[in-house]
Amino acid sequence: MPIRKHIVKILAWTLFLALIFACFYFVHPTANVFFAELSLQRKLRTLASQSDAIVIHYNFSRELPDIILSGDDIKEFFSLLKLQMPPYTFHCLCIGELQITFRKAGKDLASISYHHGKSVRGLPGIKTSVYIAQANRDRLRDFLIKKQVDLKH
């Protein structure tokens with residue numbers, strides 16, 4: 001009989017700890033940074049392989065036309081869009097200078113907002129803003145400027 005009580009107690013504690021871990025994982029999206037990073041990179045690879053157009057829309061200007069990237073520009077864009085999960089959940093309080101929409105055959109796949117050249121927000125399933133890798137921030141900004149994106153607005 002005492003062994004049975006110990007087994008029940010061990011199972012109860014195991015279930016309790018598993019429940020706490022599951023709650024922490026789902027409430028805090030960066031609780032397990034390794035898996036969050038894998039999920040982020042998988043989402044980027046999927047978008048890169050499926051997108052046949054990228055539409056860049058200015059959130060603060062109605063006068064400026066949308067910029068559309070296609071072909072090799074998409075490959076170059078994704079090669080520069082290296083993202084890193086933050087060690088904590090954060091959201092920039094603005095709506096972002098740019099809205100970047102990934103499309104396939106005229107249908108929207110996903111849309112992200114570009115914030116101050118430092119982060120993006122809005123990837124499906126990612127509940128936090130995500131940093132643009134420090135080494136790529138200037139290169140991505142220079143690429144956007146080269147494609148006539150006005151980052152002064």
Side-chain angles (χ1 to χ4, degrees), residues 14-153:
T14 303
L15 181 62
F16 175 72
L17 292 173
L19 184 63
I20 287 178
F21 174 77
C23 288
F24 184 66
Y25 181 78
F26 289 111
V27 170
H28 193 287
T30 59
N32 192 332
V33 176
F34 175 74
F35 290 114
E37 189 73 33
L38 285 177
S39 175
L40 173 65
Q41 300 311 323
R42 187 173 36 251
K43 288 176 191 314
L44 283 176
R45 282 193 306 275
T46 301
L47 280 175
S49 68
Q50 292 180 349
S51 298
D52 61 13
I54 297 175
V55 178
I56 300 173
H57 173 76
Y58 298 94
N59 285 334
F60 295 112
S61 175
R62 293 188 179 172
E63 297 96 34
L64 296 170
D66 290 349
I67 306 292
I68 299 175
L69 305 178
S70 60
D72 288 339
D73 289 341
I74 293 173
K75 291 178 186 173
E76 188 173 355
F77 177 84
F78 277 107
S79 74
L80 297 171
L81 187 68
K82 301 293 183 203
L83 301 178
Q84 297 173 327
M85 289 299 290
Y88 53 87
T89 301
F90 84 99
H91 288 283
C92 175
L93 296 178
C94 76
I95 63 171
E97 296 90 353
L98 304 172
Q99 193 69 26
I100 302 170
T101 304
F102 307 100
R103 290 190 176 159
K104 180 177 185 170
K107 294 186 181 182
D108 294 355
L109 298 174
S111 189
I112 60 174
S113 52
Y114 178 84
H115 297 259
H116 314 290
K118 295 180 182 177
S119 64
V120 298
R121 182 172 61 228
L123 280 170
I126 305 292
K127 299 176 184 177
T128 181
S129 293
V130 180
Y131 289 120
I132 299 169
Q134 184 74 35
N136 283 47
R137 289 178 185 174
D138 290 340
R139 291 171 49 205
L140 179 60
R141 188 201 60 211
D142 292 345
F143 169 80
L144 291 171
I145 290 170
K146 184 174 83 175
K147 296 300 169 189
Q148 309 303 313
V149 176
D150 184 357
L151 293 175
K152 295 178 185 122
H153 280 82

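Position 1 is the first residue of the sequence, and the numbers go up from there.
Smallest separation of non-hydrogen atoms from Tyr131 and Arg137: CD2-NH2, 3.8 Å. Looking at every heavy atom in both residues, Lys43 comes nearest to Pro124 through CE-O, 2.7 Å. The shortest heavy-atom contact between Ile95 and Ser113 is O-CB, 3.5 Å. The shortest heavy-atom contact between Ile132 and Gly117 is CD1-O, 3.9 Å. When all heavy atoms of Ile74 and Ser51 are compared, the pair lying nearest together is CD1-O, 3.9 Å.
Side-chain contact between Leu151 and Leu98 is present, with heavy atoms from C-beta onward closer than 4.5 Å.
Residues that satisfy the side chain to side chain contact (heavy atoms under 4.5 Å, CB included) test with Cys92, not counting sequence neighbours, are Cys94, His115, His116, Arg121.
In this structure, Ile100 CD1 and Ile112 CD1 are separated by 4.5 Å, a value rounded to the nearest 0.5 Å. For the atom pair CD1 (Ile126) and CE (Met85), the distance works out to 5.0 Å, reported to the nearest 0.5 Å. Distance check, rounded to the nearest 0.5 Å: CG of Leu144 to CG of Leu80 gives 8.5 Å. Separation of atoms CG (Asp52) and CG (Leu69) is listed at 12.0 Å; rounding is to 0.5 Å. The distance from atom OH of Tyr114 to atom CG of Leu81, rounded to the nearest 0.5 Å, is 9.5 Å. Residue Ile54 holds its CD1 atom at 13.5 Å from CG of Asp66, rounded to the nearest 0.5 Å.
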Test salt bridge (charged side-chain N to carboxylate O under 4.0 Å, His left out) applied to Asp142 and Arg139, step by step: CA-CA 5 Å; Asp142 292 345; Arg139 291 171 49 205; over 6 Å; no

side-chain contact (heavy atoms from CB on, under 4.5 Å) between His57 and Thr101, worked out: CA-CA 8 Å; His57 173 76; Thr101 304; over 6 Å; no

Derivation of the side-chain contact (heavy atoms from CB on, under 4.5 Å) call for Tyr58 and Glu63: CA-CA 9 Å; Tyr58 298 94; Glu63 297 96 34; over 6 Å; no

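Looking only at distances, a side-chain donor or acceptor of Ser49 sits under 3.5 Å from a matching main-chain atom of Thr46. Side chain of Asn59 to backbone of Gly96: a donor-acceptor contact under 3.5 angstrom is found.
For residues 70-86, the side chain to side chain donor-acceptor pair (under 3.5 Å) pairs, not counting sequence neighbours, are Asp73-Lys147.
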